[in-house]
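Because only heavy atoms are used, hydrogens play no part in the values below, and waters and symmetry mates are left out as well, while side chains stay in. Keep in mind that this is a model prediction, so the values were computed, not measured.
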Amino acid sequence: MPEGPSIILLKEAIQSFKGKKIVKAEGYAKIDFSVFSNKKIKEIKTWGKHLLICFDDFFVRVHLLMFGSYRINERKETNPKLSLQFSKGELNFYAGEVKLSKEDPDEIYDWSADIMNDHWDAKKAIKKLEEQSSQFICDSLLDQQIFSGVGNIIKSEALFRAKLHPKNKVGKIPPKAMRLLLRETKKYSFDFLEWKREGKLKKHWLAYSKKVCPRCDLPIHKEITGKAKRRSFFCNNCQVLFK
DNA sequence: GTGAATGTTAACAG
DNA sequence: CCTGTTAACATTCA
C-alpha cells in the first residue's frame, strides 16, 4: 500500500536484478508472459507510484494500488499477479495492476511531475495549479499529473506542516503560502522515504491518523474532503483557511 | 465478523 | 457529451 517513497524503496530493493535475465515469467495478470522469456532487465525506473521494469523494446508497469505487495526471493501463499524468475532469485508481485507497454517511458512520462524525481519542477506545478484555482488543495495534491507519487498520507502531513487547511481553494492560497506548501510536500516525501526505511514512519505523523494536534492540543479532525472523497486529517486551529 | 484503508479506472446514470 | 457516482480489484489490520 504505497505512496511514491515506498516505490523508491521497492526500486532500491530490486536493483540487484538489473542486467539479469528472466528465465520464467508467470502470474494471473492478463498479459502475454512469453515476452519476458530470456530478456534482460535493462533498467528499473519509477514515476510516482508506478514501478517500471524496462527491457530493450518494452517495459512492464507495476502499480500496487491500495492492496498490492511484493516479495523478493520468497513467495506468499496466494498466487502472484506477476512472478519474474531468474536463474538465481525471483521477484513476485501480488494484487495491484500490471501492464505491458512498448512505448518509450521518456515519451509518456513527465519526470518533472514526479515528486520523488530530481527533475520535479515546482514552477511547473505552480503553473498547473493556476489552471485549477477553483479546486480544493486537497484534491490538487492528489493530482498525479502535478504531484505524482503523493498519496493520502503525504497530503495530510504536507498540509499540516505548511499550516494550510485541506479545504482551501487553490486560487485563494497566497503565493508565499503555496510555495511553502510545495517545499513541505517535497520535504515530507523525502522524510517519509527515510523514516519508512528505518521503520519509523508512523512515529513521525503529526496529523495523519492522529486525534490531538501536536501544536495546540485541540482535536485533529478527520473528514472526507474534496471530489476525491479521501479522508483528510487537520487542525482547524493551526491550519489556515483563506476566504 | 465488519469495516476501513497509503489507489485507480471502468462502467453506469442522469 | 459532460459530470458525478458506484463498482471492481483483492489485502491487511484494528
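Annotation for A:Cys54 and A:Phe59: closest pair CA-CB, 3.8 Å, computed over non-hydrogen atoms.
At a cut-off of 3.5 Å, with distance as the only test, a side-chain donor of A:Trp111 or A:Asp106 sits close to an acceptor on the other residue. Looking only at atom types and distance, the side chain of A:Gln132 has a donor-acceptor partner in the side chain of A:Asp143 under 3.5 Å away. Counted by atom type alone, A:Lys21 and A:Ser87 present zero donor-acceptor pairs between their side chains at under 3.5 Å.
Between the NZ atom of A:Lys155 and the P atom of B:dT6 there is a distance of 8 Å, rounded to whole Å. Atom CZ of A:Phe67 and atom C1' of B:dG3 are 11 Å apart (whole Å). In this structure, A:Tyr70 atom OH and C:dT12 atom P are separated by 14 Å, rounded to whole Å. C:dA10 atom C1' lies 9 Å from atom NZ of A:Lys81, rounded to whole Å. Going from atom CD1 of A:Ile224 over to atom P of B:dG7 covers 12 Å, rounded to whole Å. If you take NZ of A:Lys210 and C1' of B:dA5, they are 17 Å apart, rounded to a whole angstrom. Taking atom NZ of A:Lys202 as the reference point, atom C1' of C:dT12 lies 11 Å away to the nearest angstrom. When the C1' atom of B:dT6 is taken as reference, atom CG of A:Leu51 falls 17 Å away, rounded to whole Å.
As rounded to the nearest Å, C:dA7 and B:dA4 have P atoms that lie 14 Å from one another. The C1' atoms of C:dT12 and B:dT9 are separated by 22 Å, rounded to the nearest whole Å.
In this structure A:Trp205 satisfies the ring pair (Phe, Tyr, Trp, His ring centres under 6.0 Å) test together with A:Tyr208, sequence neighbours excluded.
At the phosphate of B:dA5, OP1 or OP2 sits under 4.0 Å from a side-chain N or O atom of A:Arg231.
Of the residues near DNA chain C, A:Lys229 and A:Asn79, the one whose nearest nucleotide (by heavy atom distance) lies more toward the 5' end is A:Lys229. With the nearest nucleotide of DNA chain C identified for both A:Arg71 and A:Lys227, A:Lys227 has the one nearer the 5' end.
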Dot-bracket for DNA chain C, 5' to 3', Watson-Crick and G-U pairs with both distances under 3.5 Å, [ ] for crossing pairs, | for partner on another strand, reads .||||||||.||||
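A:Lys128 and A:Glu131 are not joined by a salt bridge, as no carboxylate oxygen comes within less than 4.0 angstrom of a charged side-chain nitrogen. Residues A:Lys24 and A:Glu90 are not paired through a salt bridge, judged by the lack of any N-O separation under 4.0 Å between the basic side chain and the carboxylate.
Backbone-only contact: A:Tyr208 has heavy atoms under 4.0 Å from sugar-phosphate atoms and none from a base.
No cation-pi contact links A:Lys40 to A:Phe55, judged by a cut-off of 6.0 Å to the six-membered ring centre and 45° from its axis.
Across C:dA10, B:dA5, C:dT11, the shortest atom-to-atom separation from the side chain of A:Tyr28 is found for C:dA10.
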Could you go over nucleotides 8-10 of chain B and give all protein N or O partners under 3.5 Å, atom names and distances?
from, atom 1, to, atom 2, distance (Å)
B:dT8, OP1, A:His63, NE2, 3.4
B:dT8, OP2, A:Lys49, NZ, 3.2

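Between A:Phe93 and A:Tyr70, the ring-plane angle classifies as tilted under the 30° and 60° cut-offs.
Distance alone, capped at 3.5 Å, places no donor-acceptor pair between the A:Arg230 side chain and the A:Gly151 backbone.
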